[in-house]
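When reading the values below, keep in mind they use all heavy atoms of this one structure, side chains included, and skip hydrogens, waters and symmetry mates.
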Amino acid sequence: QVQLVESGGGSVQSGGSLRLSCAASGSTSSRNCMAWLRQAPGKEREGVAAINNDGEITYADSVKGRFTISQDNSKSTLYLQMDSLKPEDTAMYYCAADQNGPHCLYQLVTYPLGPEFDYWGQGTQVTVSS
C-alpha cells in the first residue's frame with residue numbers, strides 16, 4: 001500500500017508561484033511512477049507532470065516551461081513548482097503513484113484514456129485570480 005498526502009495549495013494572483021508537496025509512504029516498489037494531475041470544476045481530470053524511477057519526466061503542453069516536477073533524494077516527497085500561474089491553472093491538484101515505471105510518461109500524457117493510476121492523494125486546491 002501507498003499513502004500520499006498533498007500540501008502547499010492556496011490562493012495566488014496571476015503570475016505568482018506556488019510549490020506543491022506530496023509526502024509518500026509505503027511500498028517504494030509501488031511508486032515507480034509519480035505524477036501530478038488536476039481537475040478544474042466541470043472539467044475532466046487531466047495529467048500535469050510525471051516522473052518515473054529512471055528520472056524521466058514529462059509535462060502537459062499547457063504547463064511546459066512554467067511547472068517543474070521533482071523529488072527529494074529519498075523519493076519520499078514529490079514536488080511541483082508552479083511559476084507564472086494563470087487563472088486557467090485553478091484546479092484541485094492530485095498526487096498519484098503507480099507501480100509501472102516504464103509506461104509512466106505515456107500514462108500521464110494519455111490520461112484519462114489509458115490505465116488508471118494505482119494510488120491517489122486527497123488533493124490540494126490551487127486558485128489563481130486575475
Side-chain angles (χ1 to χ4, degrees):
Q1 287 291 332
V2 173
Q3 294 78 43
L4 304 170
V5 179
E6 302 97 332
S7 62
S11 297
V12 64
Q13 289 192 328
S14 182
S17 297
L18 283 173
R19 189 174 82 153
L20 305 184
S21 298
C22 171
S25 59
S27 170
T28 55
S29 62
S30 296
R31 298 188 262 132
N32 292 320
C33 172
M34 296 293 294
W36 289 100
L37 299 95
R38 67 185 181 186
Q39 187 167 19
K43 293 189 176 181
E44 208 167 35
R45 193 172 296 186
E46 64 176 1
V48 175
I51 182 170
N52 68 10
N53 53 319
D54 289 328
E56 298 171 314
I57 290 173
T58 194
Y59 297 96
D61 287 344
S62 58
V63 306
K64 281 180 182 176
R66 301 189 297 122
F67 290 12
T68 304
I69 190 171
S70 63
Q71 287 179 303
D72 66 355
N73 288 339
S74 66
K75 297 186 178 180
S76 61
T77 305
L78 180 73
Y79 301 101
L80 185 68
Q81 177 66 41
M82 305 187 295
D83 299 317
S84 303
L85 282 161
K86 305 175 181 179
E88 50 264 44
D89 294 319
T90 295
M92 183 71 78
Y93 283 72
Y94 297 91
C95 175
D98 198 276
Q99 182 178 2
N100 195 329
H103 294 165
C104 180
L105 307 188
Y106 177 79
Q107 188 172 357
L108 190 281
V109 299
T110 60
Y111 192 88
L113 300 179
E116 186 59 86
F117 286 86
D118 295 332
Y119 302 99
W120 292 86
Q122 293 300 306
T124 186
Q125 178 68 37
V126 171
T127 302
V128 184
S129 58
S130 58

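- Using a 4.5 Å heavy-atom cutoff, the side chains of Val2 and Asp118 are not in contact.
- Grouping the Ile, Leu, Val, Met, Phe, Trp and Tyr side chains by contacts below 4.5 angstrom, directly or via other members, places Val12 with Leu80.
- Taking every heavy atom of both residues into account, Ser14 and Pro87 meet most closely at OG-CD, 3.8 Å.
- With a 4.5 Å cut-off on side-chain heavy atoms, Asn100 and Pro102 count as touching.
- Between Ala60 and Gly47, the shortest heavy-atom distance links the atoms CB-O, 3.4 Å.
- Rounding to the nearest 0.5 Å gives a distance of 12.5 Å between OG of Ser70 and NZ of Lys75.
- Residues Leu18 and Leu78 fall within the same hydrophobic cluster, defined by Ile, Leu, Val, Met, Phe, Trp and Tyr side chains chained together at heavy-atom separations under 4.5 Å.
- Looking at Arg45, its side chain never comes within 3.5 Å of a backbone N or O of Tyr94 through a donor-acceptor pair.
- Partners of Ser76 according to the side chain to side chain contact (heavy atoms under 4.5 Å, CB included) rule, which considers only residues two or more places apart in sequence or in another chain, are Asp72, Ser74.
- Identified under the disulfide bond (SG atoms under 2.5 Å apart) test for residues 99-130, with sequence neighbours left out: Cys33-Cys104.
- The salt bridge (charged side-chain N to carboxylate O under 4.0 Å, His left out) analysis of residues 89-111, with sequence neighbours excluded, yields the pairs Arg38-Asp89, Arg66-Asp89.
- In this structure, the side chains of Met82 and Val63 stay at 4.5 Å or more apart for every pair of heavy atoms.
- The distance from atom SG of Cys22 to atom CD of Gln3, rounded to the nearest 0.5 Å, is 11.0 Å.
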Exercise for the section: Please report the C-alpha distance between Glu88 and Val128 in whole Å, then the side-chain angles of each, then the deciding distance to 0.1 Å, and finally whether the side-chain contact (heavy atoms from CB on, under 4.5 Å) criterion is met. Expected result: CA-CA 8 Å; Glu88 50 264 44; Val128 184; over 6 Å; no
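- Under the 4.5 Å side-chain heavy-atom criterion for grouping Ile, Leu, Val, Met, Phe, Trp and Tyr, Trp36 is not connected to Leu105 through any hydrophobic cluster.
- Of all non-hydrogen atoms in Leu108 and Ala35, the two that sit nearest each other are CD2-CB, 4.1 Å.
- In this structure a side-chain-to-backbone donor-acceptor pair under 3.5 Å is present from Gln107 to Pro115.
- Put simply, NZ on Lys43 and OG1 on Thr90 are 10.0 Å apart, with the number rounded to the nearest 0.5 Å.
- Of the inter-residue distances, the one linking Leu4 atom CG with Thr77 atom OG1 reads 11.0 Å to the nearest 0.5 angstrom.
- Taking every heavy atom of both residues into account, Gln71 and Met34 meet most closely at NE2-CG, 3.5 Å.
- Residues Phe117 and Val109 share a single hydrophobic cluster, defined by chaining ILVMFWY side chains whose heavy atoms lie under 4.5 Å apart.
- For the pair Arg19 and Tyr79, the cation sits on the ring face: its NZ or CZ lies under 6.0 Å from the ring centre, inside 45° of the axis.
- Among all heavy-atom pairs drawn from Gly26 and Arg31, the shortest one is O-NH2, 3.1 Å.
- Contact detail for Ser29 and Gln99: the closest heavy-atom pair is O-CG, 3.4 Å.
- Listed by chain and residue number, Tyr111 satisfy the side chain to side chain donor-acceptor pair (under 3.5 Å) test with Glu116 (two or more places apart in sequence, or in another chain).
- Partners of Lys64 by salt bridge (Lys or Arg N to Asp or Glu O under 4.0 Å), not counting sequence neighbours, listed by chain and number: Asp61.
- Residues Trp120 and Leu37 are in side-chain contact: their nearest non-hydrogen atoms beyond the backbone lie under 4.5 Å apart.
- Remark: Thr124 pairs with Glu6, Leu20, Tyr93 by the side chain to side chain contact (heavy atoms under 4.5 Å, CB included) rule, at least two apart or across chains.
- Taking CZ of Phe67 as the reference point, atom CG of Leu85 lies at 5.0 Å (rounded to 0.5 Å).
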